[in-house]
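The block underneath contains the structure these notes are about, expressed in structure tokens.
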Amino acid sequence: MVEKKQFAGQVFERLLAKTPEPKIELQYSNPFQLLVATILAAQCTDLRVNMVTKTFFKEYPTPAKIARESQMVIAEKIKSTGFYRNKANSLIACCQRLMADYQGEVPRTVGELEKLPGVGRKTASVVVSNAYGVPAISVDTHVKRVADRLNLSKAKTPEATEEELKAVVAEENWTVFSQLLVLHGRYVCVARNPKCKQCTLLDICPSNEKVTS
DNA sequence: CTCCCGATAT
DNA sequence: ATATCAGGAG
């Protein structure tokens with residue numbers, strides 16, 4: 001446990017040295033936009049979401065309008081993010097709930113957010129940490145993979161990984177740590193051919209010997 | 001555990 | 001042409 005905390009701290013320091021200000025790549029200018037962008041980001045790259053939201057947010061600046069829109073109309077506009085029917089339904093239902101139960105505001109806790117349609121634990125954590133400054137570790141596919149390769153977690157589920165990471169990282173660093181792992185996973189410790197040669201963690205990574213590139 | 005889907009890397 | 005990417009709901 002103690003060694004694991006030290007190891008996590010070492011990972012944190014090294015990644016932070018490379019990226020002093022790790023920030024989320026989704027573009028948004030308020031909690032509502034971040035919520036919408038993150039719902040659209042399910043199984044989709046942030047880059048593509050940004051292409052869609054750039055115009056989508058001009059047309060739908062608040063939950064009020066989405067809540068009254070038809071599924072087909074929304075679906076058409078978010079099509080390129082994939083799973084567009086599901087996401088359109090989620091978005092509309094989510095905005096209806098925002099209007100009905102939260103005066104159009106985005107709730108400030110993971111618990112409340114998770115109750116919203118289309119919002120799972122990963123999305124809720126992203127919103128709460130980035131929009132409201134609540135410490136959170138959101139375990140997406142990148143965090144899961146990187147934590148796994150670093151043996152920081154051998155958990156099977158994202159929920160379990162989240163708990164293991166929270167146990168070895170100081171709470172005030174949760175959000176930054178989480179974002180560092182996302183960026184590291186997205187650009188260096190990628191799924192297919194991890195770029196180990198240019199990895200700042202190469203010498204301390206338990207998975208380094210198996211890789212060549 | 002299966003379904004939902006377009007975009008991009010190979 | 002096909003494998004892989006990237007979360008949530010039922």
Side-chain angles (χ1 to χ4, degrees), chain A residues 22-28 32-56 63 66 70-98 101 106-107 109-131 136-149 153 155-165 175 178-198 211-213:
Chain A
K23 80 183 220 13
I24 185 170
E25 294 182 303
L26 289 173
Q27 289 162 3
Y28 66 97
F32 170 67
Q33 288 190 356
L34 178 59
L35 175 60
V36 171
T38 311
I39 288 173
L40 293 178
Q43 301 288 97
C44 178
T45 63
D46 288 1
L47 200 69
R48 175 132 314 266
V49 171
N50 289 338
M51 292 171 61
V52 168
T53 54
K54 183 168 184 183
T55 51
F56 190 78
I66 297 178
S70 81
Q71 186 248 29
M72 262 191 53
V73 173
I74 297 290
E76 193 54 43
K77 300 180 184 191
I78 64 172
K79 199 158 199 166
S80 71
T81 67
F83 302 123
Y84 56 90
R85 290 187 198 86
N86 287 344
K87 287 177 184 176
N89 290 336
S90 294
L91 234 38
I92 292 164
C94 180
C95 288
Q96 288 172 346
R97 292 269 295 275
L98 251 32
D101 303 339
V106 176
T109 66
V110 169
E112 289 299 304
L113 280 160
E114 266 189 299
K115 296 182 193 164
L116 298 170
V119 181
R121 185 143 193 105
K122 178 257 177 180
T123 299
S125 299
V126 166
V127 170
V128 119
S129 57
N130 291 284
I137 291 182
S138 72
V139 180
D140 65 0
T141 186
H142 301 297
V143 173
K144 181 80 179 65
R145 180 180 62 253
V146 174
D148 193 57
R149 286 178 176 166
S153 160
K156 306 284 170 288
T157 70
E159 293 74 27
T161 298
E162 180 182 336
E163 290 319 304
E164 290 193 40
L165 293 180
T175 302
S178 180
Q179 188 55 37
L180 282 170
L181 291 197
V182 170
L183 295 174
H184 189 246
R186 185 171 297 158
Y187 297 113
V188 181
C189 197
V190 294
R192 311 213 232 233
N193 300 302
K195 304 172 173 18
C196 296
K197 290 269 173 63
Q198 49 175 282
V211 287
T212 52
S213 54

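All heavy atoms count here, side chains included; hydrogens, waters and symmetry mates do not. Throughout, protein chains are lettered first and strands after them, A, B, ... in sequence-line order, and every chain is numbered starting at 1.
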So, is [X] close to the [N] phosphate, meaning a side-chain N or O under 4.0 Å from OP1 or OP2?
X     : N     : value
A:S90 : C:dG8 : no
A:R85 : B:dC5 : yes
A:Y84 : B:dG6 : yes
A:R48 : C:dA6 : no
A:K79 : B:dG6 : no

Tell me the interatomic distance from [X], atom [atom1], to [N], atom [atom2], rounded to whole angstroms.
X      : N     : atom1 : atom2 : result
A:K122 : C:dA9 : NZ    : C1'   : 16 Å
A:N86  : B:dG6 : CG    : P     : 12 Å
A:L47  : B:dA9 : CG    : P     : 10 Å
A:L181 : C:dA6 : CG    : C1'   : 17 Å
A:D46  : C:dA6 : CG    : P     : 10 Å
A:Q71  : B:dC4 : CD    : P     : 14 Å
A:L26  : C:dA6 : CG    : P     : 13 Å
A:L116 : C:dG7 : CG    : P     : 18 Å

Handout entry: Flag, side chain of A:K87 to backbone of A:T81, donor-acceptor distance under 3.5 Å
Key = yes

Practice task
Using modelled atom types only, decide if a donor and an acceptor are shared between the side chain of A:T38 and the backbone of A:T123 within a distance under 3.5 Å.
Solution key: no

Practice task
Measure from the side chain of A:R192, starting at C-beta and using heavy atoms only, and say which of C:dT4, B:dG6, C:dG7 lies closest.
Solution key: C:dT4

Exercise for the section: Could you work out which one of B:dG6, B:dT10, C:dG7 sits closest to the side chain of A:N193? Expected result: B:dT10

Problem - Presence of salt bridge, A:D101 and A:K115, under 4.0 angstrom - result: no

Exercise for the section: Using a strict cut-off of less than 4.0 Å between a Lys/Arg side-chain nitrogen and an Asp/Glu carboxylate oxygen, indicate whether A:R121 and A:E159 qualify as a salt bridge. Expected result: no

Exercise for the section: Scan A:G120 against the nucleic acid and name what it touches under 4.0 Å (heavy atoms): base, sugar-phosphate only, or nothing. Expected result: sugar-phosphate

Exercise for the section: Carefully, step by step, assess A:V49 and A:L26 under the rule side-chain contact (heavy atoms from CB on, under 4.5 Å). Expected result: CA-CA 7 Å; A:V49 171; A:L26 289 173; 3.8 Å; yes

Fill in the blank from the handout: Judged by nearest nucleotide, the residue sitting upstream toward the 5' end of DNA chain C, A:P117 or A:Q43, is A:Q43

Practice task
On DNA chain C, check which nucleotide each of A:R145 and A:G118 is closest to and give me the residue with the more 5' one.
Solution key: A:R145

Exercise for the section: For C:dA6 versus B:dT10, give the span between their P atoms, rounded off to a whole number of Å. Expected result: 12 Å

Exercise for the section: For C:dT2 and B:dC5, measure between their C1' atoms and round to the nearest Å. Expected result: 16 Å

Handout entry: Heavy-atom closest pair, residues A:S178 and A:S138
Key = OG-N, 3.2 Å

Problem - Upstream residue (5' side of DNA chain B) when A:M51 and A:F83 are each assigned their closest nucleotide - result: A:F83

